[in-house]
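The block underneath contains the structure these notes are about, expressed in structure tokens.
Nothing fancy with the numbering, it's 1 onward along the sequence. Below, all heavy atoms of this structure are taken into account, side chains as well, without hydrogens, waters or symmetry copies.
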Amino acid sequence: MHLKNCQSCQEELRELEEVLGDLTYLTPEQSPPPEMKQRILANVFEEEQGETKREPIALKNEK
């Protein structure tokens, strides 16, 4: 049976969504470690520098 045709499956899904939706509010809020911001920014800057060094590749139809 598919979910859209099974009433008991739909009810169970609703119950699971309700419980799982509340779980995010039950965990204590935590701050990320300070070095995380530095790692993310380093990756972003590295990608930006890599993109500026790349040359576009001409497609066969573009001459």
Side-chain angles (χ1 to χ4, degrees):
M1 262 192 183
H2 293 291
L3 179 62
K4 63 181 179 180
N5 298 328
C6 178
Q7 291 298 321
S8 64
C9 296
Q10 291 175 7
E11 179 60 32
E12 187 170 345
L13 177 61
R14 278 192 291 274
E15 290 174 8
L16 283 171
E17 288 174 337
E18 189 175 311
V19 169
L20 292 175
D22 291 341
L23 278 178
T24 57
Y25 300 109
L26 298 175
T27 57
E29 190 173 315
Q30 295 183 4
S31 297
E35 66 275 0
M36 181 180 234
K37 181 178 179 180
Q38 294 169 345
R39 285 193 320 248
I40 292 171
L41 289 176
N43 286 335
V44 168
F45 292 134
E46 184 178 300
E47 286 178 10
E48 285 178 357
Q49 290 175 355
E51 288 175 6
T52 57
K53 293 179 184 177
R54 295 182 189 148
E55 294 183 23
I57 300 172
L59 300 174
K60 291 180 182 180
N61 295 339
E62 295 179 2
K63 289 187 178 182

State the CD-SG distance between Glu12 and Cys6, to the nearest 0.5 angstrom.
9.0 Å
Between CD on residue Glu35 and CD1 on residue Ile40, distance to nearest 0.5 Å
10.5 Å
Ion pair Arg14/Glu11, N-O distance below 4.0 Å
yes
Should the heavy atoms of other residues, nucleotides or ligands under 6.0 Å from CD of Glu18 be counted, would the total exceed 12?
no
What closest approach, in Å, do Gln10 and Lys4 show between heavy atoms, and which atom pair accounts for it?
NE2-O, 2.9 Å
Go through the structure and list residues passing side chain to side chain contact (heavy atoms under 4.5 Å, CB included) with Leu26, not counting sequence neighbours.
Leu23
